[in-house]
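To start, the structure itself, in C-alpha cells.
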Amino acid sequence: MTRAFLIGLCGLTGVAACAINEMPTRRDGERIFANNCAACHDVDATGGALIGGQDAPDLTLLAARNGGTFPRAQTLSTIDGFGIGHAGRVMPEFGALLDNVELVPIEVDDVLTPTPQPFAAILFYLESIQEP
C-alpha cells in the first residue's frame with residue numbers, strides 16, 4: 001500500500017490519528033522482538049524460558065493454536081501488556097516502546113485499527129514466522 005492510499009483510507013474511516021511517516025516492516029519487528037522479547041521467548045520465538053514459574057509460549061504456533069488463522073487482535077492485546085494484573089499473567093508491559101511513537105493503520109478483525117508503530121512491527125514479524 002502506498003502512503004497516500006493509507007492516509008486516504010484513514011481519512012475515510014475517521015481514523016484521524018493515522019499520520020503516517022512510514023509503515024513498520026517485518027524487519028523492524030524482528031529487531032524490536034530481539035531487543036524486548038527474545039529473553040523470554042528465545043531468539044527464534046519458540047519460547048521455553050522460565051519466567052515467573054511459567055514457560056514462555058512458542059510464538060511460532062499462534063496461528064496453529066487458532067485454527068490456522070493468525071489471531072491479530074489477541075496478539076496485540078497481549079503485546080500491549082494491558083492484561084497485567086490478571087491471575088497467572090507474567091507478560092511485562094512495554095510502555096517505553098510507546099514514547100513518542102506514531103500510530104499506523106492495520107487491519108484487525110476486518111477493522112482498520114490505529115496501532116502504535118512498534119506493536120504493529122512486532123505483529124508483522126510474528127505473523128511472518130508462523131508454522132503451518
Side-chain angles (χ1 to χ4, degrees):
M1 287 186 199
T2 67
R3 178 183 167 156
F5 174 77
L6 288 172
I7 291 171
L9 193 56
C10 285
L12 290 174
T13 60
V15 184
C18 291
I20 303 167
N21 279 337
E22 188 173 314
M23 286 294 286
T25 66
R26 174 205 179 283
R27 288 253 186 241
D28 296 327
E30 186 173 16
R31 179 185 46 77
I32 294 168
F33 184 90
N35 292 332
N36 295 280
C37 314
C40 294
H41 293 283
D42 207 356
V43 294
D44 62 359
T46 57
L50 287 176
I51 51 174
Q54 297 180 13
D55 286 341
D58 183 339
L59 301 178
T60 66
L61 299 175
L62 295 172
R65 290 191 298 257
N66 192 51
T69 302
F70 184 74
R72 279 187 163 199
Q74 180 183 0
T75 302
L76 278 174
S77 71
T78 301
I79 292 169
D80 70 22
F82 290 125
I84 293 174
H86 296 294
R89 168 112 179 171
V90 294
M91 177 80 172
E93 183 176 352
F94 289 101
L97 285 176
L98 301 179
D99 290 342
N100 302 312
V101 300
E102 293 190 31
L103 299 176
V104 295
I106 63 169
E107 190 174 319
V108 178
D109 295 337
D110 297 323
V111 175
L112 198 60
T113 305
T115 304
Q117 282 181 325
F119 292 175
I122 293 170
L123 185 75
F124 297 155
Y125 171 66
L126 292 176
E127 196 166 25
S128 76
I129 62 169
Q130 294 305 294
E131 295 291 326

Exercise. Step by step, would you call L126 with F70 a side-chain contact (heavy atoms from CB on, under 4.5 Å)?
Worked result: CA-CA 9 Å; L126 292 176; F70 184 74; 4.0 Å; yes

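- Every pair passing side chain to side chain donor-acceptor pair (under 3.5 Å) that includes a residue from residues 25-35 is listed here, sequence neighbours excluded: T25-D28, R26-E30, R26-S128, R27-E30.
- Between P116 and L103, the closest side-chain pair of non-hydrogen atoms falls below 4.5 Å.
- Residues F119 and V101 fail the side-chain proximity criterion, which asks for heavy atoms closer than 4.5 Å.
- The distance from the OG1 atom of T60 to the CD atom of Q130 is 6.5 Å, given to the nearest 0.5 Å.
- With T46 contributing its side chain and D44 its backbone, the two residues share no donor-acceptor pair below 3.5 Å.
- Judged as a salt bridge (charged side-chain N to carboxylate O under 4.0 Å, His left out), the pairs with a partner in residues 107-132 (not counting sequence neighbours) are, in order, R72-E127.
- Partners of N66 by side-chain hydrogen bond (donor to acceptor under 3.5 Å, both in side chains), not counting sequence neighbours: none found.
- Atom SG of C40 is separated from atom CG of D55 by 11.0 Å, given to the nearest 0.5 angstrom.
- Rounding to the nearest 0.5 Å gives a distance of 11.5 Å between CG of L123 and CD1 of I32.
- Applying the ring-ring contact (aromatic ring centres under 6.0 Å, His included) criterion to F33, with sequence neighbours excluded, gives Y125.
- Taking OG1 of T75 as the reference point, atom CD1 of I122 lies at 11.0 Å (rounded to 0.5 Å).
- The two residues A120 and T115 come nearest to each other via the heavy atoms N-CG2, 3.9 Å.
- One distance of note links OG1 of T69 with CG of L62; it measures 12.0 Å at 0.5 Å rounding.
- Applying the side chain to side chain contact (heavy atoms under 4.5 Å, CB included) criterion to V43, with sequence neighbours excluded, gives A38.
- One finds the NE2 atom of H41 at 11.0 Å from the CG atom of N36 (value rounded to the nearest 0.5 Å).
- Linking Ile, Leu, Val, Met, Phe, Trp and Tyr whenever their side-chain heavy atoms come within less than 4.5 Å puts M23 and I79 in one cluster.
- Listed by first then second residue, pairs satisfying salt bridge (charged side-chain N to carboxylate O under 4.0 Å, His left out) with a partner in residues 58-68 number zero, not counting sequence neighbours.
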